[in-house]
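Beneath this line is the structure, given in structure tokens, with notes to follow.
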Amino acid sequence: GGCDYATNFPGFYSHVIFNRLGYNDFSLNEKIAFQKTFGGSLAGKRSVVLFKGTGLNVALDEYLHSVLNGVNAGLVVILTDDLEGESSPEIQDSRPIIDMYGGLWFEPYSNQNGYDISKIAFEVSEKLDIPVVIRLTNNYFRNNDSYKRTNMVGRSEELKIDRRNTKYISHWKPRYTNLQKKKENIQLFVESLYKCADKFESIIVGSTNRPDSQTKNSLRLYTYPLPHKIFADNNTKKSIKVYENGESYVFSKLLTIANNSKSIVRVKDKFKDDGTKWEKWDGDVKLFKALQKIDPSYVVADEGT
């Protein structure tokens with residue numbers, strides 16, 4: 001898609017993607033990573049920042065600021081949401097953050113869909129004047145389906161800083177007014193992505209790969225916010241099953257759109273033990289022996305350090 005600059009704070013596959021992009025500029029934390037990437041965007045470089053879901057908590061001030069004030073060159077956030085505690089001390093569904101200032105998030109449902117989204121993400125970011133978030137969950141990293149590469153999306157000219165543009169220093173009121181216009185444009189863009197208005201019996205959000213979710217009459221959702229028109233056009237009388245990774249975020253939104261219709265049912269994913277055998281790791285034996293000698297009252301550490 002024309003990425004010029006990238007930063008990362010390691011965690012749950014984010015560093016794997018980062019390494020495959022060919023970069024090695026790791027940051028001290030997610031806040032600094034986002035600041036550097038936002039700076040790259042303002043300087044005219046298409047930029048991407050990668051960290052896991054809980055990392056957005058650390059970078060939240062910078063993220064919301066970029067949504068409100070806008071970008072220059074395209075700014076993309078790759079957010080890896082660990083919903084099964086594979087490599088995180090806690091589980092968090094990051095999607096409620098969208099409800100603060102709005103914005104545009106993608107959640108691809110296949111490798112091809114992920115490839116296509118990544119390719120246009122910078123262009124969409126520039127068009128809508130917002131950072132674009134791509135949310136990847138545990139199920140997405142289990143995908144082994146093939147995808148087809150196409151020609152890279154180039155840019156006709158480098159984006160320069162317009163020093164006469166006051167959008168980054170103007171008063172909060174015009175920025176807030178502009179934010180409402182952005183939300184309208186985002187919704188129009190989302191509506192344009194969903195052409196099919198046929199009847200459907202299930203709604204599959206992102207990479208939900210349960211066998212019983214692959215019904216013939218299913219609708220694939222991969223954007224936040226959700227499209228509205230397609231639900232108004234769907235006249236099915238049957239119960240609609242909703243499959244999503246994480247909390248009942250989409251399900252709750254659909255209840256609002258459909259005026260609390262009892263025909264919409266959330267199908268919860270049950271986490272199943274995959275039979276993994278846990279092994280004792282003694283890499284920090286010397287550290288723990290030293291701590292025993294010191295005998296501190298308590299020790300605070302990150303689970304992954």
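A quick note: this is a predicted structure, and the numbers were derived from the prediction, not measured.
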Worksheet item: Step by step, would you call N144 with N111 a side-chain contact (heavy atoms from CB on, under 4.5 Å)?
Response: CA-CA 8 Å; N144 56 9; N111 285 336; 5.8 Å; no
Discussion item. Applying side-chain contact (heavy atoms from CB on, under 4.5 Å) to N245 and E107, what does each step give before you reach the verdict?
Written reply: CA-CA 10 Å; N245 296 319; E107 185 177 343; 3.8 Å; yes
Worksheet item: Checking side-chain hydrogen bond (donor to acceptor under 3.5 Å, both in side chains) for the pair Y194/T223: CA distance, chi angles, key distance, verdict?
Response: CA-CA 10 Å; Y194 299 90; T223 61; 2.8 Å; yes
Item to complete: Any chance you could lay out the side-chain contact (heavy atoms from CB on, under 4.5 Å) test for V124 and L104, step after step, and finish with the verdict?
Response: CA-CA 9 Å; V124 172; L104 176 62; 3.6 Å; yes
Fill in: ring-ring contact (aromatic ring centres under 6.0 Å, His included) evaluation trace for F26 with F18
CA-CA 9 Å; F26 293 100; F18 183 66; 5.1 Å; yes
Discussion item. Before you tell me yes or no, could you show the steps for R95 and E244 under salt bridge (Lys or Arg N to Asp or Glu O under 4.0 Å), namely the whole-Å CA-CA distance, both residues' side-chain angles and the distance that decides it to 0.1 Å?
Written reply: CA-CA 12 Å; R95 293 176 295 173; E244 60 181 309; 2.9 Å; yes
Worksheet item: Should Q187 and K182 be marked as a side-chain contact (heavy atoms from CB on, under 4.5 Å) after you check the CA-CA gap, both sets of side-chain angles, and the distance that decides it?
Response: CA-CA 9 Å; Q187 190 63 47; K182 287 184 185 181; over 6 Å; no
Worksheet item: For N143 and S207, what are the C-alpha separation, side-chain angles and deciding distance, and is it a side-chain hydrogen bond (donor to acceptor under 3.5 Å, both in side chains)?
Response: CA-CA 8 Å; N143 284 337; S207 290; 3.3 Å; yes
Item to complete: Kindly indicate, with the supporting measurements, whether the criterion side-chain hydrogen bond (donor to acceptor under 3.5 Å, both in side chains) is fulfilled by N57 and E30.
Response: CA-CA 9 Å; N57 302 350; E30 294 88 348; over 6 Å; no
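Distance alone, capped at 3.5 Å, places no donor-acceptor pair between the E84 side chain and the N138 backbone. The backbone N or O of Y243 sits nowhere less than 3.5 Å from a side-chain atom of R266 that would complete a donor-acceptor pair. Remark: the backbone N or O of L128 is not paired with any side-chain donor or acceptor of N185 at under 3.5 angstrom. Formation of a donor-acceptor pair under 3.5 Å by the S125 side chain with backbone atoms of A121 is not found in this model. Looking at K119, its side chain never comes within 3.5 Å of a backbone N or O of G2 through a donor-acceptor pair.
With sequence neighbours left out, F9 forms a ring pair (Phe, Tyr, Trp, His ring centres under 6.0 Å) with no residue at all. For D99, the side chain to side chain donor-acceptor pair (under 3.5 Å) criterion is met by Y249, K253, not counting sequence neighbours.
Remark: E126 does not engage K45 in a salt bridge, criterion side-chain N to carboxylate O under 4.0 Å. The pair K148-D116 does not meet the salt-bridge criterion, since no charged nitrogen lies less than 4.0 angstrom from a carboxylate oxygen. A salt bridge is absent between D81 and K52; no separation between the charged side-chain nitrogens and carboxylate oxygens falls under 4.0 Å. A salt bridge does not link K241 with E201: every distance from a Lys NZ or Arg NE/NH1/NH2 to an Asp or Glu carboxylate oxygen is 4.0 Å or more.
If you chain together ILVMFWY residues whose side-chain heavy atoms come under 4.5 Å of each other, L287 ends up grouped with F288, L291, V299. L188 shares a hydrophobic cluster with no other residue; no ILVMFWY side chain has heavy atoms under 4.5 Å from its own.
Put simply, the side chain of Y109 does not reach to within 4.5 Å of the side chain of L221, judged on heavy atoms.
Sparse packing is recorded around CD of E247, with 12 or fewer heavy atoms of other residues, nucleotides or ligands lying under 6.0 Å away.
The aromatic rings of W105 and Y224 lie perpendicular to each other, with more than 60° between the two planes, well past the 30° mark.
Side-chain contact check for N139 and R142: at least one donor-acceptor pair (N or O, by modelled atom type) lies under 3.5 Å. Side-chain N/O atoms of E184 and Q180 include no donor and acceptor closer than 3.5 Å.
Separating the OG1 atom in T256 from the CD1 atom in I264 is a distance of 9.5 Å, to the nearest 0.5 Å. In this structure, S94 OG and R135 CZ are separated by 6.5 Å, a value rounded to the nearest 0.5 Å. Interatomic distance, F38 CZ to S66 OG, rounded to the nearest 0.5 Å: 5.0 Å.
Here ring pair (Phe, Tyr, Trp, His ring centres under 6.0 Å) pairs that include residues 42-77, with residues two or more places apart or in two chains, number zero. Note on residues 7-23: pairs passing side-chain hydrogen bond (donor to acceptor under 3.5 Å, both in side chains), not counting sequence neighbours, are T7-T37, N8-S14.
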